[in-house]
**Q** 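First the structure, which I've put down as structure tokens, then a few questions once you've had a look.
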Amino acid sequence: MPSQILPMPNRPSDSAVSTPPILLRAKEDDNDPSASLLHSPPSFQDMSRKPPLPRASSFTATTRSNKASLSGPRFYQKRRRRAASQDSLPSVSNDTAATTRSSFGRDVASETFLLTRLGFKMLGYLGVGYKWITRFLALGCYAVLLLPGFIQVGYYYFFSNQIRRSIVYGDKPRNRLDLYLPKNSNGPKPVVAFVTGGAWIIGYKAWGSLLGQQLSERDIIVACIDYRNFPQGTISDMIADASQGISFVCNNIAEYGGDPNRIYLMGQSAGAHIAACAIVEQAIKEAGEGESTSWSLSQIKAYFGLSGGYNLFNLIDHFHARGLYRSIFLSIMEGEESLQRFSPEVMIQDPKIGNAISLLPPIVLFHGTEDYSIPSDASKTFAETLKRFGVTAESIMYEGKTHTDVFLQDPMRGGKDDMFEDLVAYIHSGDADSRARDAMAPPRRRLVPECMLKLAHSVSPF
């Protein structure tokens with residue numbers, strides 16, 4: 001139904017001059033926010049014949065006729081006009097809440113779209129054969145079993161005031177990072193620059209939200225670095241993005257309360273491989289002459305690799321058997337001739353870069369012994385090779401743990417988590433006060449019931 005237009009007669013005045021009528025759009029619905037006063041603009045001809053009524057005259061006339069107007073129909077029209085005007089005024093608090101809801105809605109929609117696209121992208125590359133149909137069914141069951149934990153972590157990711165999401169660190173697509181900040185802001189904090197996994201195809205910065213939340217509770221800042229995935233980029237693009245993200249952390253973290261002298265680098269799964277390639281490449285640049293760099297390995301106190309693979313020659317057949325087919329893997333790694341370049345374990349044995357190896361920071365490699373995605377031998381042999389060439393390195397094995405146990409199920413279990421405690425102990429090794437606080441820290445809250453965690457362990461496709 002079109003809005004009714006109610007003419008409002010002019011106020012009485014001693015002057016013969018009258019103003020143009022004021023029109024009121026009557027509210028059709030209490031929930032219609034469009035109700036407002038409409039001022040009918042006078043024509044140029046009217047303006048020449050009818051000058052605006054002086055404000056003083058209007059006031060005087062209104063004062064004279066006040067008593068009479070209380071009992072006439074004009075009084076009720078004024079009340080209606082005043083009520084409509086008040087209803088049409090926007091509320092600042094309502095606008096702010098609406099803007100916040102709109103921003104949150106856009107964030108959720110954007111994240112959901114990206115995750116859906118990543119999932120279909122991986123399905124498209126891996127095919128829809130029997131092997132991958134069963135894998136995706138297992139993945140669906142696995143996700144449902146851990147859903148209570150995912151919901152809580154997702155709520156924290158979108159609503160926590162301690163997270164700075166999508167900070168731009170470069171000019172390439174997906175050059176963004178999330179910062180997880182401790183509630184306690186007394187003094188500079190140690191920092192972990194974290195590169196997430198995802199089979200080089202579905203990596204995403206939000207995968208590190210659980211680790212970021214739990215480390216920030218121990219007064220550690222976490223920067224989860226996003227990077228281009230295949231086919232948007234190949235391995236060299238991923239390494240370049242990770243290196244630029246590390247550079248941003250090294251050069252800007254002090255602005256967020258981080259200690260630039262206590263920066264640690266960490267990667268998980270494919271992210272561990274990418275981060276390891278980044279530090280080897282950085283060492284080669286720093287050892288060369290005339291190479292300009294925006295960050296230095298001397299700024300990295302240690303590198304932590306979680307469930308990573310570091311020798312692609314030993315993994316290509318393993319990945320093919322598990323469904324990451326040789327043709328796809330070689331496309332990601334830029335061809336078979338590039339496998340050596342992107343295998344850190346092989347690269348450090350090259351006598352041409354002997355001077356660069358001494359620049360590497362201490363390296364600690366964590367791995368579960370029942371990891372079927374990347375065998376634990378990958379970390380063992382890399383640590384042994386590093387030590388043979390003079391690098392401070394060690395591998396820590398977790399008996400009976402799978403690829404996702406050490407990164408998802410154990411953190412969601414709550415209580416004591418061996419890998420997490422080992423990681424925090426390394427970061428706080430030179431800080432007696434922090435170690436004392438760690439000893440008194442309350443046990444972490446359980447996110448998923450134990451029976452569901454055990455089932456997830458059984459059906460996990462990783």
Side-chain angles (χ1 to χ4, degrees), residues 146-165 177-185 189-197 204-225 249 253 256-259 262-269 271-272 275 302 304-307 364 366-368 396 398 401-429 431 433-450 452-453 456-457:
L146 296 184
L147 189 60
F150 290 147
I151 291 173
Q152 295 173 72
V153 174
Y155 183 88
Y156 172 84
Y157 181 76
F158 284 109
F159 290 99
S160 174
N161 294 327
Q162 306 308 123
I163 303 178
R164 306 291 180 268
R165 295 197 308 275
L177 59 82
D178 295 333
L179 277 182
Y180 297 78
L181 306 175
K183 292 182 180 179
N184 182 358
S185 59
K189 309 295 184 185
V191 183
V192 172
F194 183 64
V195 184
T196 61
Y204 186 51
K205 58 187 173 64
W207 299 166
S209 56
L210 180 56
L211 180 70
Q213 174 185 357
Q214 295 181 342
L215 285 178
S216 66
E217 292 172 356
R218 294 291 187 94
D219 264 6
I220 299 168
I221 294 176
V222 180
C224 288
I225 300 171
V249 172
I253 199 61
Y256 298 92
D259 187 348
R262 289 189 292 167
I263 297 175
Y264 300 84
L265 177 62
M266 183 175 182
Q268 186 263 341
S269 191
F304 304 117
L306 175 60
S307 306
V364 183
F366 306 109
H367 221 120
I396 301 176
Y398 298 97
K401 300 298 183 181
T402 66
H403 195 70
T404 54
D405 278 338
V406 291
F407 188 63
L408 281 177
Q409 286 98 286
D410 286 352
M412 288 186 176
R413 180 170 280 110
K416 183 178 175 57
D417 175 357
D418 291 336
M419 193 284 294
F420 180 80
E421 296 299 335
D422 290 340
L423 176 63
V424 172
Y426 273 105
I427 296 172
H428 286 160
S429 59
D431 188 341
D433 291 339
S434 295
R435 293 294 297 272
R437 286 194 295 272
D438 291 339
M440 300 296 294
R444 292 182 301 170
R445 186 171 55 89
R446 176 183 286 277
L447 303 181
V448 179
E450 185 63 24
M452 298 177 73
L453 288 172
H457 173 92

**Q** Report the C-alpha distance between Thr404 and Gln409 in whole Å, list the side-chain angles of each, state the deciding distance to 0.1 Å, and finish with yes or no for side-chain contact (heavy atoms from CB on, under 4.5 Å).
**A** CA-CA 7 Å; Thr404 54; Gln409 286 98 286; 3.2 Å; yes
**Q** As a test of understanding, state which of Asp259, Leu181, Asn184 forms a side-chain contact (heavy atoms from CB on, under 4.5 Å) with Lys189.
**A** Asn184
**Q** Between Lys401 and Asp418, does any side-chain N to carboxylate O distance fall below 4.0 Å?
**A** no
**Q** Between Ala425 and Arg435, what is the shortest heavy-atom contact and its length?
**A** O-NH1, 3.9 Å
**Q** Report the distance from atom CH2 of Trp207 to atom CG of Leu408, rounding to the nearest 0.5 Å.
**A** 10.5 Å
**Q** Quick one: does Val249's side chain get under 4.5 Å of Leu265's, heavy atoms only?
**A** no
**Q** Do Arg437 and Asp433 have side chains that get closer than 4.5 Å, going by heavy atoms?
**A** yes
**Q** Using a 3.5 Å distance criterion without hydrogens, assess whether the side chain of Gln268 forms a donor-acceptor pair with backbone atoms of Phe407.
**A** no
**Q** Identify the two heavy atoms, one from Ala456 and one from Leu146, that lie closest to each other, and give their separation to 0.1 Å.
**A** CB-CD2, 3.9 Å
**Q** At what distance, to the nearest 0.5 angstrom, does CD1 of Ile427 lie from CG of Asp438?
**A** 9.5 Å
**Q** Heavy-atom distance under 4.5 Å between the side chains of Met452 and Leu147, does that happen here?
**A** no
**Q** Over 60° means perpendicular and under 30° means parallel, so classify the ring planes of Tyr180 and Tyr157, tilted if in between.
**A** tilted
**Q** Is the NZ or CZ atom of Arg218 both under 6.0 Å from the centre of the six-membered ring of Phe420 and within 45° of that ring's axis?
**A** no
**Q** So Arg165 and Phe158, do their side chains get closer than 4.5 Å, heavy atoms only?
**A** yes
**Q** Of all heavy-atom pairs between Gly415 and Pro443, which one has the smallest distance, and what is that distance?
**A** CA-CB, 4.2 Å
**Q** Looking at every heavy atom in both Ser216 and Gln213, which two are closest together, and how far apart are they?
**A** OG-O, 2.7 Å
**Q** Within a strict 4.5 Å, meaning less than it, do heavy atoms of the Arg446 and Met412 side chains meet?
**A** no
**Q** Can you give me the closest heavy-atom contact between Asp417 and Arg444, atom names plus distance?
**A** CB-NH2, 2.6 Å
**Q** Can you tell me how far OH of Tyr204 sits from CG of Asp178, rounded to the nearest 0.5 angstrom?
**A** 7.0 Å
**Q** Any non-hydrogen side-chain atom of Leu423 less than 4.5 Å from a side-chain atom of Leu306?
**A** no
**Q** Indicate yes or no: at least one non-hydrogen side-chain atom of Leu211 is less than 4.5 angstrom from one of Met266.
**A** yes
**Q** When you compare the side chains of Asp405 and Tyr398, does any donor N or O come within less than 3.5 Å of an acceptor on the partner?
**A** no
**Q** Go through Tyr426 and Ile396 one step at a time and tell me if the side-chain contact (heavy atoms from CB on, under 4.5 Å) criterion holds.
**A** CA-CA 12 Å; Tyr426 273 105; Ile396 301 176; 3.9 Å; yes
**Q** State, to 0.1 Å, how close Pro411 and Gln214 come at their nearest heavy-atom pair, and which atoms those are.
**A** O-NE2, 3.3 Å
**Q** Can you confirm whether Phe366 sits close enough to Val406 that some side-chain heavy atom of one is under 4.5 Å from a side-chain heavy atom of the other?
**A** no
